[in-house]
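I have placed the structure first, in the form of C-alpha cells, so that the comments after it can refer back to it.
In what follows, residues are counted from 1 in the order of the sequence shown. It should be emphasised that the depicted structure is a prediction, and the values quoted were computed from it without experimental measurement.
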Amino acid sequence: MSLMILDKGALTPLVDALIADYASRGGVVVGPKAKGSNFIFGPIADPDELRLDYSTTILPPKKVLQPQQERLATFNMQESQVESVIEAKPTVLFGVHTCDLHAIRLLDQVFSQDHPDAHYLERRRQTIIVGLECLEPCDEHSFCESMGTLSTDGGYDLHLTDLGEAYAVDVATEAGERLLSQYGTVSEATKDDVHSLNDVRSSKQPHFTSRLDFDRVELPSLLGAAYDHPLWEELGEQCLSCGSCTNVCPTCYCFNVIDEVDMALTKGERVRHWDSCQLDEFARVAGGENFREKRSARQRHRFMRKGKYIYEKFGELGCVGCGRCIRTCVANISIVDGFNAIHESAE
C-alpha cells in the first residue's frame with residue numbers, strides 16, 4: 001500500500017503503546033525475547049524485552065496461531081452437552097523473519113482448504129503480523145536462500161527493514177495502516193529512502209550463500225525418484241525417533257486429538273496437541289499395525305513431506321530453510337545434506 005519511515009527512537013513508544021492498549025482489551029503483543037542464550041517468541045510486557053536483533057527462535061512463531069496444546073470443546077456427558085471452544089484474542093505478532101512469514105502463508109492455506117479449521121482461522125483473523133527483513137543469516141545452519149524465502153512480498157501487515165537510523169516500513173494491509181497511524185509516529189518515504197532500502201536489500205544477498213547443490217525446483221522430482229534410495233536406511237540408523245525436528249519445524253502441522261475426562265467420568269475437554277510423524281506410535285492404527293514402523297520409513301516420510309507432498313498439494317515447498325531441524329537434531333541429521341545426497345546420486 002505504501003512505504004513509511006519509522007525512526008528507531010520512535011519504536012519504543014510504539015511498542016509501549018501497543019502493549020498497554022492490547023492488554024486493556026485482553027490482547028497480547030508477542031515478539032522475540034531472550035531466554036538464556038537463546039530466543040523465543042513470547043508475550044512482551046516491556047519494550048526492552050523485544051529483541052529485533054535475534055538470530056532465530058527455538059520454536060517458530062506458528063505456536064501463536066497453532067498452540068502446542070489447545071482446547072477444542074468441552075462436554076458434559078450427564079447433560080449430553082457439547083460446546084465448541086475457540087481460544088483466540090487480539091494479538092500483534094512482532095518481528096517475524098521472512099522464512100517464518102513464508103511458513104505462516106503456507107499454514108494459512110493448510111488450515112483454510114478442504115476442511116477449514118475455525119480455531120486456527122479465528123486466531124489468524126485476530127492477529128496482526130509485523131515482519132522483519134533478515135540482513136544476516138541466523139547462523140551456519142540457515143539455508144533460506146536455497147529455499148527462496150530470503151525475502152517475501154506478503155504474509156504480513158507491516159514489514160520492517162533496518163536502514164541504520166530508521167526502519168523502512170512496508171504497509172501491506174489496512175490493519176497495518178491502522179496500527180501504524182494509531183500507535184506510531186512515521187513519515188512518508190522519500191526517493192532517497194527508497195534508494196537506501198534497495199541498497200540494503202541488494203547488499204545483503206552476498207551474506208546468504210546457497211547450501212543446496214541444485215535448484216530447489218528440482219526437489220519434488222528428485223524425491224519422487226528416490227523412494228527406494230539407500231539414504232533412508234542410513235538416516236534410520238542415525239535417527240532416535242525423538243521428534244525434535246518436527247516439533248521445531250515452522251510448517252509441520254500434524255496434531256493429535258484426545259478427550260480428557262474428569263475423575264467422575266461426567267465432564268471433560270477435547271484437546272488438540274502437536275504430534276510428530278517421527279514418533280513410533282504416530283502411524284500405529286487399530287490392531288497394533290504400524291504402517292511406518294521403521295525409522296527409515298519415518299525419515300523418508302519427513303523428507304517427502306518437506307520437498308514433495310506439500311508442494312503437490314499446496315504449490316509451495318514444505319521447507320523454508322530456517323535450519324531449526326538441523327540445530328535441534330541430537331543425531332546430527334541434516335535435511336540439507338540429505339537433499340544434496342539425493343541430488344548427487346541422481347546425477
Side-chain angles (χ1 to χ4, degrees), residues 41 56-57 59-66 93 96-117 120-121 123-125 127 129 131-134 137-138 141-157 159 170 172-173 205 208 210-227 245-255 274-278 299-326 334-336 338-340 342-343:
F41 275 98
T56 188
T57 53
L59 292 180
K62 80 170 184 185
K63 70 177 187 176
V64 176
L65 301 169
Q66 185 197 3
L93 182 52
V96 181
H97 282 170
T98 51
C99 62
D100 285 327
L101 289 172
H102 278 270
I104 290 173
R105 292 176 74 173
L106 175 60
L107 293 180
D108 288 348
Q109 290 192 70
V110 169
F111 287 108
S112 61
Q113 293 186 18
D114 296 334
H115 304 283
D117 189 294
Y120 176 93
L121 294 177
R123 206 173 281 114
R124 183 69 178 88
R125 187 186 69 82
T127 299
I129 296 179
L132 179 66
E133 188 80 4
C134 302
C138 292
H141 300 303
S142 304
F143 59 107
C144 48
E145 196 278 337
S146 296
M147 306 311 295
T149 62
L150 183 53
S151 61
T152 181
D153 59 359
Y156 53 81
D157 297 282
H159 190 63
D170 180 13
T173 68
Q205 189 70 36
F208 293 82
S210 177
R211 297 190 60 213
L212 289 184
D213 297 334
F214 58 96
D215 194 311
R216 64 183 178 277
V217 299
E218 300 176 45
L219 194 51
S221 59
L222 283 172
L223 287 169
Y227 192 84
C245 54
T246 54
N247 282 336
V248 299
C249 178
T251 65
C252 280
Y253 52 89
C254 289
F255 57 82
W274 290 1
D275 207 347
S276 170
C277 64
Q278 298 306 292
Q299 277 293 317
R300 176 176 60 198
H301 182 71
R302 178 170 80 96
F303 275 70
M304 291 289 185
R305 290 280 292 177
K306 300 296 103 175
K308 186 175 189 294
Y309 299 158
I310 287 178
Y311 176 81
E312 290 172 343
K313 185 170 180 61
F314 299 107
E316 301 283 348
L317 291 172
C319 176
V320 296
C322 69
R324 288 186 177 94
C325 61
I326 305 173
S334 166
I335 195 168
V336 173
F339 287 155
N340 284 336
I342 290 169
H343 173 260

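Residues Pro61 and Ile104 approach most closely at CG-CD1, 4.5 Å, considering heavy atoms. Across all non-hydrogen atoms, the minimal contact from Asp157 to Thr127 is OD2-O, 4.1 Å. The two residues Tyr309 and His301 make their nearest non-hydrogen contact at CE1-ND1, 3.9 Å. Nearest heavy-atom pair, Val320 versus Pro250, reported as atom, atom and distance to 0.1 Å: CG2-CG, 3.7 Å. Taking all atoms of both residues into account, the shortest heavy-atom contact from Thr251 to Tyr253 is O-CD2, 3.2 Å.
Atom SG in Cys252 sits 9.5 Å away from atom CH2 in Trp274 (nearest 0.5 Å). Atom NE2 of His159 sits about 8.0 Å away from atom OG of Ser151, to the nearest 0.5 Å. Rounded to the nearest 0.5 Å, atoms CG (Leu101) and CG (Leu106) are 13.0 Å apart. Distance check: Leu65 CG to Leu121 CG gives 10.0 Å after rounding to the nearest 0.5 Å. Note that SG of Cys245 and CD of Gln299 are 6.0 Å apart. Values are rounded to the nearest 0.5 Å. To the nearest 0.5 Å, atoms CZ (Phe314) and CG (Leu107) are separated by 9.5 Å.
Applying the side chain to side chain donor-acceptor pair (under 3.5 Å) test to Glu316 and every residue at least two apart in sequence or in another chain returns nothing. By the side chain to side chain donor-acceptor pair (under 3.5 Å) test, Ser334 pairs with no residue at all, sequence neighbours left out. Remark: Arg211 engages no residue in a side chain to side chain donor-acceptor pair (under 3.5 Å) (not counting sequence neighbours). A search for side chain to side chain donor-acceptor pair (under 3.5 Å) contacts involving Thr246 returns Ser276, not counting sequence neighbours. His102 meets the ring-ring contact (aromatic ring centres under 6.0 Å, His included) test with no other residue; sequence neighbours excluded. Taking the ring-ring contact (aromatic ring centres under 6.0 Å, His included) definition, one finds that Phe303 meets it with Trp232, Phe339, sequence neighbours left out. Considering only residues two or more places apart in sequence or on other chains, His97 meets the side-chain contact (heavy atoms from CB on, under 4.5 Å) condition with Tyr54, Cys99, Leu132, Cys134, Cys138. In terms of the salt bridge (Lys or Arg N to Asp or Glu O under 4.0 Å) criterion, residue partners of Glu133 (sequence neighbours excluded) are, by chain and number, Lys204.
Remark: the Thr98 side chain and the Thr149 side chain contain no N/O donor-acceptor pair separated by less than 3.5 Å.
Among residues at least two apart or in separate chains, salt bridge (charged side-chain N to carboxylate O under 4.0 Å, His left out) pairs with a member in residues 301-310 are Lys308-Glu312. Listed by first and then second residue, the side-chain hydrogen bond (donor to acceptor under 3.5 Å, both in side chains) pairs involving residues 106-117 are Asp108-Tyr120, Asp108-Arg124, Gln109-Gln113, Asp114-Lys313, Asp117-Arg272 (not counting sequence neighbours).
Taking a 6.0 Å sphere around CZ of Phe208, one finds it holds more than 12 heavy atoms contributed by other residues, nucleotides or ligands.
The shortest distance between side-chain heavy atoms of Arg324 and Thr57 falls below 4.5 Å. The shortest distance between side-chain heavy atoms of Gln205 and Glu145 falls below 4.5 Å.
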Handout entry: Residue pair Leu212, Met147: steps toward the side-chain contact (heavy atoms from CB on, under 4.5 Å) verdict
Key = CA-CA 9 Å; Leu212 289 184; Met147 306 311 295; 3.8 Å; yes
List, one per line, each side-chain donor-acceptor pair under 3.5 Å for residues 214-224, sequence neighbours excluded.
| residue | atom | partner | partner atom | Å |
| --- | --- | --- | --- | --- |
| Asp215 | OD1 | Val217 | N | 3.0 |
| Ser221 | OG | Glu218 | O | 2.9 |

